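Below is one structure, written out as structure tokens; the observations come after it.
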Amino acid sequence: MENADFSKIFWETAELLELKGDNPFKIRAYQKAARNIEGLSHNLEEVYQSGGLPALKEVPGIGESIAEHVEEIIKTGKFKKYESLLKEFPKNFIKLTEIPGMGPKTAMLLFKELKIDSAEKLEKAAKAGKLAKLPGFGEKKQQNILAGLELKKKVKGRFLLSEATQYAEAIVSKLKKIKEVDQILPAGSLRRQKETIGDIDILVTSKKPEAVMNAFVKLPQVDRILAKGKTKSSVVLKNDLQCDLRVVDPKCFGAAAHYFTGSKQHNILIREMAIKKGLKISEYGVFKGNKMIGGRTEEEVFRSVGLPYIPPEIREASGEIEAARGGLLPKLIELSDLRGDLQMHSKFSDGGNTIEEMAEYAKKLGYEYIAMTDHTVSTRVAGGQSEKEFLKELKYIDKLNSKLKGFYILKGVEVDIMADGTLDYKDAVLKEVEVVIAAVHSRFKMSKAEMTKRIIRALENKYVNILSHPTGRLIGQRAPYEVDMEQILKVAKDTGTCMELNSHPERLDLNDAHCRLAKEYKIKIAIDTDAHSINNLEDIKYGVATARRGWLEAREVINTLPIDKLKRALYIKR
DNA sequence: GCCGTTTTCGGCCCGACTGTTTTCAGTCG
């Protein structure tokens with residue numbers, strides 16, 4: 001069982017309880033547990049196997065009864081309470097609440113009054129005008145539900161961080177031109193740099209909010225307006241991404257920034273701390289009674305509850321508050337800490353640029369080195385080279401290096417891990433290479449035990465420096481292959497192998513939670529781009545963002561080292 | 001259902017906008 005499986009069950013349990021109109025605090029408890037399990041770096045099943053119920057109860061949001069539910073799910077593969085709740089409703093009924101504008105109350109009312117239990121029936125009834133006649137409904141509400149259905153059909157899921165970043169930057173640059181706009185900050189999950197983004201939240205300070213609102217909803221990117229008020233508006237952009245704008249007074253910028261950055265759970269924890277101190281925190285500031293005592297900056301908000309500044313990327317209610325209180329916050333890695341990029345491809349395999357062009361661009365980015373890691377023979381679709389061809393590339397790199405001043409091209413390779421865990425280049429060839437990156441590119445559907453064994457065998461090869469995209473997932477397209485990550489990390493630690501954090505926006509692999517786990521195992525990480533052209537080299541920022549979400553510091557990332565130290569670190573296994 | 005630097009019981013974050021309402025419920029973030 002993966003953590004995502006547990007969290008899905010508890011999310012849906014909460015949803016079902018909500019449909020039933022159960023105690024809202026109980027519902028919140030299930031949601032909180034689901035959210036915390038989602039962000040957990042350890043596998044919940046393994047937590048239970050090693051420490052039983054008491055270990056489960058250590059997880060925030062898991063108490064007596066949810067711990068028992070988890071145990072039940074592990075032992076029996078079932079969760080009786082959830083299944084009996086599910087039986088109380090028609091099949092797929094809870095999916096109705098995924099439609100924007102449809103909450104549990106509306107869904108239940110429509111079911112009771114019109115027997116609506118599917119999106120299809122909902123659409124039919126709305127089109128026939130049956131909804132508008134119900135008590136509490138009207139023409140507008142009916143239209144909104146139809147629009148929500150349309151949106152749901154079009155938008156399959158969340159947007160990649162890279163996509164949302166581009167859209168947000170375009171909006172921000174337009175908003176900056178509005179003269180009534182003072183400060184502007186993209187907030188929400190985008191500011192926390194989550195790997196996928198549900199919608200763009202933008203915060204603006206202005207003395208004339210209405211002027212900003214009017215300009216915002218008229219932006220060329222806007223397809224339609226969902227809501228427009230004095231200080232808050234929501235629109236759907238032409239690419240179907242929702243964008244919310246909120247305007248506040250400059251004096252509460254910090255409080256608003258903190259609030260709109262989230263995460264929701266983090267905010268709740270901070271607000272609870274405030275209450276204990278006799279304070280109240282809202283997006284308008286920090287208040288003692290009616291008196292505002294802070295909120296111009298985010299620092300003031302944190303200070304009001306006795307904490308230092310917590311970077312947005314780790315505001316996930318996953319231990320950052322405790323760390324901040326104990327003075328144990330990590331000094332998160334920054335883009336400028338990196339001295340080179342350790343995986344990329346050239347025209348020698350499937351890259352779009354020559355080695356010289358890649359090196360030239362890398363120099364412009366301020367790097368001191370790159371590793372050229374073209375594909376090997378098994379990855380023929382990606383122009384993988386035979387050993388003989390590859391040895392020629394190595395000689396070519398030697399020649400380039402003799403001409404370069406103040407820049408170094410490491411001789412690297414992205415070698416394939418075969419189904420049995422052997423590599424597709426002989427050790428005699430790998431011996432000539434400075435950076436050996438091993439990767440799984442085939443046979444993704446192996447059992448967890450087989451895949452784990454396969455990868456471990458590769459890690460045990462003394463020439464392998466880095467395990468590339470360790471789970472093989474493609475966000476929104478391909479699930480990670482089954483692998484026992486803790487087992488892999490243990491072997492990586494024992495053998496002195498690094499884990500890659502592949503910065504490709506669809507990979508981000510290791511993900512944030514795995515980075516944090518690797519940190520616990522004291523394993524070094526290589527953040528690289530896997531660039532196939534000069535255009536991809538700047539994707540490194542998404543890797544750094546993920547590393548920051550995984551609490552990584554510069555000293556835990558191998559390519560923050562200067563070249564001589566890096567070479568020594570790479571030779572540690574031999 | 002969870003949780004404790006006021007509590008093992010009694011709290012549980014806070015506010016905007018909409019649509020349908022004469023004062024608010026529902027939804028969302």
Side-chain angles (χ1 to χ4, degrees), chain A residues 10 13-14 17-19 21-36 56-70 81 97-110 131-145 147-148 187-190 192 197-203 209 213 225-235 242-248 252 255-256 258-287 301 305-306 317 322 325:
Chain A
F10 292 136
T13 304
L17 291 171
E18 207 167 6
L19 286 168
D22 210 316
N23 175 2
F25 298 108
K26 189 199 278 190
I27 293 162
R28 196 184 294 171
Y30 273 104
Q31 291 171 336
K32 191 172 171 180
R35 202 179 284 118
N36 285 334
L56 287 178
K57 281 192 266 181
E58 291 288 304
V59 177
I62 296 186
E64 196 72 39
S65 108
I66 293 187
E68 281 171 14
H69 295 334
V70 171
K81 183 189 170 103
T97 58
E98 288 172 16
I99 297 161
M102 283 276 287
K105 293 284 196 307
T106 311
M108 278 317 283
L109 183 78
L110 292 180
L131 268 49
K133 297 192 184 88
L134 294 173
F137 279 72
E139 191 57 37
K140 270 278 181 69
K141 209 163 184 171
Q142 182 166 276
Q143 283 308 316
N144 281 343
I145 286 177
S189 52
L190 190 63
R192 301 201 312 281
I197 306 294
D199 55 25
I200 297 175
D201 296 301
I202 297 176
L203 174 67
M213 283 300 153
I225 302 165
L226 294 175
K228 178 170 175 277
K230 280 184 191 163
T231 64
K232 181 182 166 180
S233 290
S234 287
V235 301
Q242 187 176 322
C243 181
D244 298 343
L245 181 75
R246 187 68 183 262
V247 182
V248 298
C252 52
H258 181 258
Y259 171 63
F260 292 115
T261 297
S263 65
K264 190 185 168 100
Q265 202 57 39
H266 167 92
N267 288 350
I268 290 173
L269 293 177
I270 295 286
R271 287 180 179 196
E272 281 171 355
M273 288 175 77
I275 291 169
K276 286 191 185 126
K277 289 181 183 288
L279 304 173
K280 186 184 80 168
I281 295 178
S282 75
E283 59 262 54
Y284 298 113
V286 183
F287 296 90
V301 176
V305 292
E322 294 77 359
R325 200 185 278 139

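Small disclaimer: the values here were computed from a predicted structure and weren't measured. Residue numbers start from 1 in every chain, and the chains themselves are labelled A, B, ... in the order their sequence lines are given, proteins ahead of strands.
- Nucleic acid contact for A:E139: sugar-phosphate only, since backbone atoms but no base atoms lie under 4.0 Å from a heavy atom of the residue.
- Among the heavy atoms of the strands lying under 4.0 Å from A:K280 are primed sugar atoms or P, OP1, OP2 only; no base atom is included.
- Across B:dG1 and B:dT5, the matching C1' atoms stand 23 Å from one another, rounded to whole Å.
- In this structure, the side chains of A:H266 and A:R271 stay at 4.5 Å or more apart for every pair of heavy atoms.
- Taking the side chain of A:K228 as heavy atoms from C-beta on, and the options B:dT18, B:dG15, B:dT20, the nearest nucleotide is B:dT18.
- Between the NZ atom of A:K32 and the P atom of B:dC2 there is a distance of 10 Å, given to the nearest Å.
- For the C1' atoms, the distance linking B:dC9 with B:dA16 amounts to 34 Å, nearest Å.
- With sequence neighbours excluded, the residues that form a salt bridge (Lys or Arg N to Asp or Glu O under 4.0 Å) with A:K57 are A:E64.
- One can place CD1 of A:I268 at 13 Å from C1' of B:dC2, the figure rounded to the nearest angstrom.
- Atom name P, nucleotides B:dT21 and B:dG26: the rounded distance is 13 Å, in whole Å.
- Remark: A:N144 engages no residue in a side chain to side chain contact (heavy atoms under 4.5 Å, CB included) (not counting sequence neighbours).
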Pull out every protein N or O sitting under 3.5 Å from an N or O of nucleotides 27-29 of chain B, one pair per line with the distance.
unit_1 : atom_1 : unit_2 : atom_2 : d
B:dT27 : OP1    : A:G103 : N      : 2.9
B:dT27 : OP1    : A:G103 : O      : 3.2
B:dT27 : OP1    : A:T106 : N      : 2.8
B:dT27 : OP1    : A:T106 : OG1    : 2.4
B:dT27 : OP2    : A:K105 : N      : 3.3
B:dC28 : OP1    : A:G101 : N      : 2.7
B:dG29 : N2     : A:Y259 : OH     : 2.2
B:dG29 : N3     : A:Y259 : OH     : 3.1

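- Summarising the geometry, the separation between CG on A:N36 and C1' on B:dC2 is reported as 11 Å, rounded to the nearest angstrom.
- Side chain of A:A29, nearest nucleotide from B:dC2, B:dA16, B:dC14: B:dC2.
- Comparing the same atom, C1', in B:dT18 and in B:dT22 gives a spacing of 16 Å after rounding to whole Å.
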Inset, instruction - Spell out protein contact along nucleotides 4-10 of chain B as letters: B when the base is contacted, S when just the sugar-phosphate is, - when no protein heavy atom is under 4.0 Å; keep the 5' to 3' order. - result: -------

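- Annotation: salt bridge (Lys or Arg N to Asp or Glu O under 4.0 Å) contacts of A:E98 (sequence neighbours excluded): A:K152.
- Straight-line distance from the CG atom of A:L131 to the P atom of B:dG19: 14 Å, rounded to whole Å.
- Annotation: side chain to side chain contact (heavy atoms under 4.5 Å, CB included) contacts of A:A29 (sequence neighbours excluded): none.
- A:K26 has its NZ atom 4 Å from the P atom of B:dG1, to the nearest Å.
- One finds the CG atom of A:N267 at 11.0 Å from the CD atom of A:E272 (value rounded to the nearest 0.5 Å).
- Counting non-hydrogen atoms under 4.0 angstrom, A:K81 reaches the backbone sugars and phosphates but no base.
- On the P atoms, B:dT20 is 16 Å away from B:dC28, given to the nearest whole Å.
- For B:dG15 and B:dG10, the P atoms lie 26 Å apart once the distance is rounded to whole Å.
- A:K26 meets the salt bridge (Lys or Arg N to Asp or Glu O under 4.0 Å) test with A:D22; sequence neighbours excluded.
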Inset, instruction - Take A:L110 and A:L134, measure what side chain to side chain contact (heavy atoms under 4.5 Å, CB included) needs, and give me the verdict at the end. - result: CA-CA 9 Å; A:L110 292 180; A:L134 294 173; 3.4 Å; yes

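- Rounded to whole angstrom, the span from the CG atom of A:L226 across to the P atom of B:dA16 amounts to 19 Å.
- Residue-level contact check: A:T231 touches the backbone only, with heavy atoms under 4.0 Å from sugar-phosphate atoms and none from bases.
- Scored by the side chain to side chain contact (heavy atoms under 4.5 Å, CB included) test, A:K232 finds A:R246 as partners (sequence neighbours excluded).
- Along DNA chain B, the nucleotide nearest to A:L134 and the one nearest to A:G63 differ in position, and the one closer to the 5' end is contacted by A:G63.
- When the C1' atom is used for both B:dT8 and B:dC2, the distance is 12 Å, rounded to whole Å.
- Between B:dC17 and B:dT23, the two C1' atoms lie 16 Å apart (nearest whole Å).
- Rounded to whole angstrom, the span from the CD atom of A:E64 across to the C1' atom of B:dG1 amounts to 11 Å.
- When both distances must be under 3.5 Å, the Watson-Crick or G-U wobble mate of B:dT8 does not exist.
- Mapped onto DNA chain B by nearest heavy atom, A:I27 and A:N144 fall at different nucleotides, with A:I27 at the one closer to the 5' end.
- Between A:E18 atom CD and B:dG26 atom P the separation is 11 Å, expressed in whole Å.
- Surrounding NZ of A:K105 are at most 12 heavy atoms belonging to other residues, nucleotides or ligands under 6.0 Å away.
- Shown here are the side chain to side chain contact (heavy atoms under 4.5 Å, CB included) partners of A:I275, two or more places apart in sequence or in another chain: there are none.
- Using a 4.0 Å heavy-atom criterion, one finds that A:I281 contacts the sugar-phosphate atoms exclusively.
- Here B:dC17 is the nucleotide among B:dC2, B:dC17, B:dC14 with the atom lying nearest to any side-chain atom of A:A227.
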